[in-house]
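Please read the structure below before turning to the comments.
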Amino acid sequence: MDPSGAVVISGIDKKLSLKQRVADMLPDGGNLNLCLTCGSCSSGCPASGIGDMDPRKFLRMALLGMEEAIAASPWVWFCSMCQRCLHACPMKINIPQLVFYGRQQVPREKRPKGILASCDLALKHDTCSAMGASEEDFRFVVEDVLAEVRETQPEFKEMQAPIDKREAILFVNQNSREPVTEPDEMVPLWKILHRAGADWTYGSKGWAGENYCMFIADEQNWERIVRTKARAVDDLGCQVWLNTE
Amino acid sequence: MDSIFNYYAKWIRNGDLKVSADWNKDLKLKFTLHDPCQTVRKSYGDPIAEEMRYVLKKVVGEENFVEMHPNRSNNYCCGGGGGSLQSGFVSERREYGKLKMEQIQATGATYCVAPCHNCHSQIHDLSEHYKTGVHTVHLWTLICLSLGCLGENERTYLGPELKEVGL
Ligand code: SF4
Ligand code: SF4
């Protein structure tokens with residue numbers, strides 16, 4: 001996955017306080033005067049006001065060292081780290097990154113169970129599926145759905161949905177929800193690739209598009225998942241890692 | 001590393017995908033587009049937003065595309081990102097998404113194209129929760145519809161007026 005700019009992961013010391021982090025982040029050693037208090041961040045933030053918090057307030061509380069008050073609020077989980085505030089901020093202050101650090105301040109086992117489970121499940125197999133689908137599960141559902149389409153839709157009787165095709169140009173990923181909960185939704189994608197004459201493949205390893213370890217703010221496992229996926233693309237000798245969402 | 005949206009656009013431009021918006025000529029169904037934060041603001045920027053619009057206009061007809069505001073890199077997040085769909089804070093997630101829902105409703109469109117899985121799930125949920133009657137669709141569904149090859153079982157997210165079109 002693209003590290004998405006906001007989530008810079010190099011050399012972070014987990015013990016740092018939010019205050020220290022925000023000071024490091026702000027130019028000039030955390031001079032709050034650099035924040036113009038213009039409110040551009042908050043006015044365009046859909047999470048403003050939820051749980052009586054907004055991005056500007058969050059930034060200020062962090063800088064003032066109000067660690068406990070921040071820890072008492074679940075707002076870091078309401079913010080979607082969408083970066084709209086960063087986009088709007090004249091000083092380019094990276095509030096979503098601060099939110100990411102805020103999530104890290106929460107002990108791992110106390111972070112929201114749903115996101116945590118999605119991260120942990122993705123670590124179970126090299127598929128990186130946050131729904132825990134294995135290599136075999138994926139192959140079974142793809143082959144099953146393909147066979148049905150080839151049989152019932154004659155114009156697609158030659159269609160392929162290759163898995164582990166070496167040296168294919170495109171390595172296509174897929175959100176787990178399709179193979180696991182709505183497999184028919186994979187078919188339009190295959191049809192487009194088929195009609196376009198694309199040279200593509202899924203990988204039995206690394207096919208899953210999602211990575212919840214990033215959202216649970218588990219950098220180590222986030223990186224592990226990205227590396228597993230990248231290795232799957234390289235091992236098959238594919239040229240392009242193609243995101244389908 | 002690339003996004004399939006760039007490829008959709010390329011394939012339509014070079015004629016590999018022969019899409020047509022004729023199916024919507026008389027129906028005149030209106031479509032708006034949600035720019036996923038992850039794809040647009042956080043990864044590829046406005047150029048990919050243009051490619052998505054190019055594709056969408058080709059498949060639904062230029063006159064049937066309605067822009068939401070703000071858009072592209074400035075778009076509001078739907079509220080499904082950052083793990084929100086998994087975090088268990090359901091009412092907060094829906095409160096977050098209210099802005100998105102209003103933004104969609106202001107376009108008057110019957111369909112919102114959400115070309116990212118998280119966004120699709122969130123906008124679909126918002127639509128049901130706030131009872132807006134707006135359908136949430138993937139881009140691949142519409143491309144196949146415009147290629148005349150969308151199968152019967154591939155129409156889960158289409159409204160009744162499109163259940164039979166091109167079958
Ligand atoms: S990244 Fe968080 S704080 Fe910033 S605009 Fe998005 S939801 Fe609001
Ligand atoms: S947009 Fe930037 S400068 Fe303006 S209040 Fe927010 S953080 Fe401060």
Side-chain angles (χ1 to χ4, degrees), chain A residues 1-2 4-6 44-47 49-51 74 77-84 86-88 96 99 112-118 130 148-149 152-153 155-156 170 172 175 177-178 182 184-185 187-189 191-192 195-198 209-210 212 214-216 233 240-245, chain B residues 1-5 7-8 10-11 16-18 36-39 41-44 70 73-89 92-93 95-100 115-121 138 140-145 147 149-157:
Chain A
M1 289 294 96
D2 186 289
S4 88
C45 166
I50 306 180
W77 307 103
F78 303 164
C79 158
S80 67
M81 304 198 286
C82 74
Q83 295 189 13
R84 195 177 190 279
L86 172 61
H87 188 74
V99 168
K113 282 191 186 63
I115 318 180
L116 202 57
S118 296
E148 195 185 319
V149 175
T152 56
Q153 303 187 44
E155 64 171 314
F156 289 101
L170 309 174
V172 172
N175 188 293
R177 269 176 246 161
E178 279 112 34
E182 40 184 9
D184 286 329
E185 283 296 316
V187 180
L189 177 65
K191 287 178 171 175
I192 294 168
R195 284 283 182 95
E210 66 277 3
Y212 285 92
M214 177 165 92
F215 304 140
I216 204 71
V233 180
V240 181
W241 184 3
L242 198 62
N243 254 318
T244 52
E245 55 172 24
Chain B
M1 183 114 203
D2 206 338
S3 160
I4 200 161
F5 308 138
Y7 280 76
Y8 290 158
K10 189 170 86 182
W11 291 327
D16 286 341
L17 284 180
K18 293 177 185 46
C37 311
Q38 185 60 37
T39 314
R41 183 165 48 245
K42 296 170 77 170
S43 301
Y44 305 97
S73 293
N74 226 1
N75 194 26
Y76 293 132
C77 174
C78 63
S84 312
L85 282 161
Q86 259 72 20
S87 69
F89 294 111
E92 288 84 358
R93 170 171 61 73
E95 193 180 336
Y96 184 119
K98 217 169 155 225
L99 197 56
K100 173 58 48 186
C116 147
H117 216 303
N118 261 319
C119 306
H120 182 277
S121 300
H138 291 287
W140 56 50
T141 309
L142 297 176
I143 295 175
C144 282
L145 191 66
L147 289 168
C149 68
L150 189 68
E152 206 177 333
N153 299 336
E154 298 145 31
R155 299 180 181 234
T156 313
Y157 297 105

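In what follows, chains carry the letters A, B, and so on, assigned in the order in which the sequence lines appear, proteins first and then strands, with residues in each chain numbered from 1. What you see is a predicted model, and the numbers here were worked out from it, not measured in a lab.
With B:Asn118 as the partner, the side-chain hydrogen bond (donor to acceptor under 3.5 Å, both in side chains) test is satisfied by one option alone out of A:Glu245, A:Glu210, A:Arg177: A:Arg177.
Interface remark: of the candidates B:Gly151, B:Cys37, B:Pro36, B:Ser87, B:Ser87 forms the most heavy-atom pairs closer than 4.5 Å to chain A. Ranked by heavy-atom pairs shorter than 4.5 Å toward chain B, the options A:Phe156, A:Trp77, A:Phe78 are led by A:Phe78. Listed options B:Thr156, B:Asn75, B:Thr141 were ranked by heavy-atom pairs under 4.5 angstrom with chain A; first place goes to B:Asn75. Contact count versus chain B (heavy atoms, under 4.5 Å) is highest, among A:Pro112, A:Cys79, A:Pro188, for A:Pro188. Of the listed residues B:Asn153, B:Leu85, B:Ile143, the one with more heavy-atom pairs under 4.5 angstrom with chain A than any other is B:Asn153. When A:Gly51, A:Pro46, A:Gly114 are compared by the number of non-hydrogen pairs under 4.5 Å with chain B, A:Pro46 comes out ahead.
The part of B:Leu99 that comes within reach of chain A is its side chain, from C-beta onward, which places non-hydrogen atoms under 4.5 angstrom from that chain. When heavy atoms are compared at a cutoff of 4.5 Å, B:Leu17 approaches chain A solely by way of its side chain, counted from C-beta outward. Only the side chain of A:Leu170 comes within contact range of chain B, with at least one heavy atom under 4.5 Å from a heavy atom of that chain. Heavy-atom distances place both the backbone and the side chain of A:Thr244 under 4.5 Å from chain B.
When side chains are defined from C-beta on, B:Tyr96 counts as touching A:Cys82, because their heavy atoms get closer than 4.5 Å. Taking the side chain as every heavy atom from C-beta outward, B:Tyr44 and B:Ser3 approach each other to under 4.5 Å.
Listed by chain and residue number, nothing satisfies the side chain to side chain donor-acceptor pair (under 3.5 Å) test with B:Arg155 (two or more places apart in sequence, or in another chain). Not a single salt bridge (charged side-chain N to carboxylate O under 4.0 Å, His left out) links A:Glu185 to another residue, sequence neighbours left out.
Ring geometry for B:His120 against B:His138 counts as parallel: the plane angle stays under 30°, on a 0 to 90° scale with 60° as the upper cut. Ring pair A:Phe215/A:Tyr212 is perpendicular by interplanar angle, where above 60° counts as perpendicular and below 30° as parallel.
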